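Single-structure report; data block below.
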Protein chains: 2
Amino acid sequence: MEFKKLSSPSLKELFIKEMETLILSGRLAIGEKLPPEREIAKSMQISRTVVNAGISELARKGFLTIKPRMGTFVADYRKNGNLETLISIMNYNSGMLRKAEIRSVLELRIALDKLAIESLIPKVTEEDIKTLRGYVEKMKEAETLREVSELAFSFQHELALLSGNTLLPLIFMSFKELVLNLWERFCRLYGKEALYNNTSVLCDHIEQRDAAKAVEWQTAVINETISGSRQIYY
Amino acid sequence: MEFKKLSSPSLKELFIKEMETLILSGRLAIGEKLPPEREIAKSMQISRTVVNAGISELARKGFLTIKPRMGTFVADYRKNGNLETLISIMNYNSGMLRKAEIRSVLELRIALDKLAIESLIPKVTEEDIKTLRGYVEKMKEAETLREVSELAFSFQHELALLSGNTLLPLIFMSFKELVLNLWERFCRLYGKEALYNNTSVLCDHIEQRDAAKAVEWQTAVINETISGSRQIYY
DNA sequence: GTCGTTTTCTGGTCGTACCAGAATAATGAT
DNA sequence: ATCATTATTCTGGTACGACCAGAAAACGAC
């Protein structure tokens with residue numbers, strides 16, 4: 001039995017979480033003006049330092065718009081949000097995503113994996129394949145769902161790195177929390193052997209430099225997951 | 001003659017920029033331990049408030065790792081970076097990107113646009129098309145390069161929104177600075193009429209619900225840009 | 001009512017101080 | 001001298017209170 005490392009969230013994190021909840025639940029309407037930082041601090045019984053830093057971060061996440069010396073306003077995160085916003089939304093729903101969002105992630109993954117695989121195959125070396133295979137092997141031995149999921153993610157990330165497209169790994173990183181979440185649920189549903197098997201077969205196709213088969217396989221796997229996603233969505 | 005709205009960057013922004021420069025130039029090596037916040041503040045003659053907030057933001061961007069009560073360390077942004085990191089790297093090079101990165105962006109756009117178009121076509125309404133057409137019309141009248149670029153971006157963003165995939169618009173937003181930058185250069189090279197024309201034809205194909213033609217056109221346009229990118233790259 | 005002035009409001013920044021965990025130095029028993 | 005224990009230092013997290021300067025609102029003279 002392993003224990004997860006515990007760490008109490010900082011005040012700033014608590015503050016951010018609280019504000020996100022207020023905004024995402026609609027209790028703070030879009031466009032609404034927030035009370036002055038001083039009032040928020042007083043009412044929440046925290047220092048203005050925390051409020052100021054927290055608001056600044058929420059602005060970067062697309063939830064707020066700061067107009068210096070005029071006030072802070074709730075932004076339309078659906079229009080101005082970025083990927084980080086989505087992670088926050090997901091965390092707000094205690095790790096749950098709507099079916100539409102799961103579908104969106106998986107559709108996107110088909111497109112991105114396709115790009116990664118097709119870019120990689122023409123230039124892949126034995127060395128590269130050995131690296132990829134390493135992650136697959138580790139997956140076989142992994143104990144916890146989290147471990148398997150992280151290894152599957154690492155495999156994907158490595159694939160993106162090796163593809164030569166400098167943006168792909170960055171996008172995958174932005175997605176990390178999201179994908180890990182999905183993989184864990186996938187494993188709870190189909191077992192971690194299924195995830196291992198899927199990855200392993202993909203790796204085989206890559207080893208044989210068969211881009212078409214690799215893409216086809218991966219697309220099929222993800223499409224199947226989409227079909228079954230009503231079960232992942234709970 | 002128009003004047004751009006000026007705004008002096010805040011101290012925090014200056015601090016962040018400075019640190020990014022130090023890290024990206026290599027003067028702060030990866031893994032290196034930063035001086036204590038107090039020393040940085042003293043040496044830069046700013047308050048620790050700014051340093052603390054700035055470091056916090058740099059950590060979120062993947063440039064630093066904060067270990068409370070132990071110190072702050074330069075992270076390997078190439079491995080832990082996300083899309084925001086890339087924007088920072090681009091800004092560090094005063095808006096320039098390496099050819100590999102331009103190519104990466106454009107390759108990615110082919111994949112994403114394809115997904116957006118194919119998701120949109122089966123369900124697009126007259127209303128949607130009117131919205132899209134609106135941006136195209138505005139492009140015709142736009143004066144500055146920046147305006148045209150922003151409208152082209154808005155068109156893409158709207159396309160992503162209408163596609164029904166909830167992630168696409170968020171990704172496009174994460175990309176915003178990058179894409180605007182590329183569009184501006186594209187216009188300087190081929191003229192803003194070219195950008196207008198490209199978008200307009202794409203809109204036509206969408207209006208005729210011809211997904212294949214739309215994708216084909218957009219792919220061709222972007223591929224052409226890739227071929228000519230040695231000129232964008234300077 | 002209109003225009004110019006003063007006051008208030010607000011986010012940005014500053015400086016100091018305290019907290020508590022981690023690392024290191026100092027201490028003391030064996 | 002060695003090693004466990006304790007005291008000190010270091011460091012990021014947080015708290016207060018204060019001032020700055022731009023923007024808005026209140027005010028006042030006409």
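Sequence lines set the chain letters: A, B, ... in the order given, protein chains first and strands last, and positions in each chain run from 1. Nothing here was measured: the structure is a model prediction, and the numbers come from that model.
The separation between A:Arg69 atom CZ and D:dG22 atom P is 6 Å, rounded to whole Å. Across the protein-nucleic acid pair, A:Leu11 atom CG and D:dT14 atom P stand 5 Å apart, rounded to whole Å. The separation between A:Phe15 atom CZ and D:dG13 atom P is 17 Å, rounded to whole Å. Atom CE of A:Met70 is separated from atom P of D:dA23 by 8 Å (rounded to the nearest Å). Note: CZ (A:Phe73) to C1' (C:dG11) measures 11 Å, nearest angstrom.
Note that CZ of A:Phe15 is 11.0 Å distant from CG of A:Leu11, once rounded to the nearest 0.5 Å. We find the CD-CG distance between A:Glu184 and A:Leu189 to be 13.5 Å, quoted to the nearest 0.5 Å.
Annotation: side chain to side chain contact (heavy atoms under 4.5 Å, CB included) contacts of B:Ala142 (sequence neighbours excluded): B:Glu147, B:Val148, B:Leu151.
Ring-plane geometry between A:His157 and A:Phe153 is classed as parallel, the angle between the planes falling under 30 degrees on a 0 to 90 degree scale with a further cut at 60.
Between its two ends, the helix from C:dG1-D:dC30 to C:dT30-D:dA1 turns its axis by 30°, counting five pairs per end and rounding to 10 degrees.
Here the options are B:Thr21, B:Leu34, B:Leu64, the test is side-chain contact (heavy atoms from CB on, under 4.5 Å), and the partner is B:Leu28; only B:Leu34 passes.
Of all the residues in residues 29-44 of chain B, B:Arg38 reach under 4.0 Å from DNA chain C with at least one non-hydrogen atom. Within a heavy-atom distance below 4.0 Å of DNA chain D, the residues of residues 48-68 of chain B found are B:Arg48, B:Asn52, B:Ile66, B:Pro68.
The side chain of B:Ser47 places no N or O atom within less than 4.0 Å of a non-bridging phosphate oxygen (OP1 or OP2) of C:dT13. Here B:Thr72 reaches the OP1 or OP2 of D:dG12: one of its side-chain N or O atoms lies under 4.0 Å away.
Residue pairs meeting the side-chain hydrogen bond (donor to acceptor under 3.5 Å, both in side chains) criterion with at least one member in residues 23-34 of chain B, sequence neighbours excluded, are B:Ser25-B:Arg27. Pairs passing the ring pair (Phe, Tyr, Trp, His ring centres under 6.0 Å) check and including a residue from residues 32-68 of chain A, sequence neighbours excluded, read A:Phe63-A:Tyr77.
One side chain, B:Asn82 or B:Thr85, offers a donor N or O that lies under 3.5 Å from an acceptor on the other. No donor-acceptor contact under 3.5 angstrom links the side chains of B:Thr131 and B:Asp128, judged on distance only.
A salt bridge links B:Glu107 with B:Arg103; the closest basic N to acidic carboxylate O contact falls under 4.0 Å. Here B:Lys61 does not pair with B:Glu57 in a salt bridge; the nearest charged N to carboxylate O distance is not below 4.0 Å.
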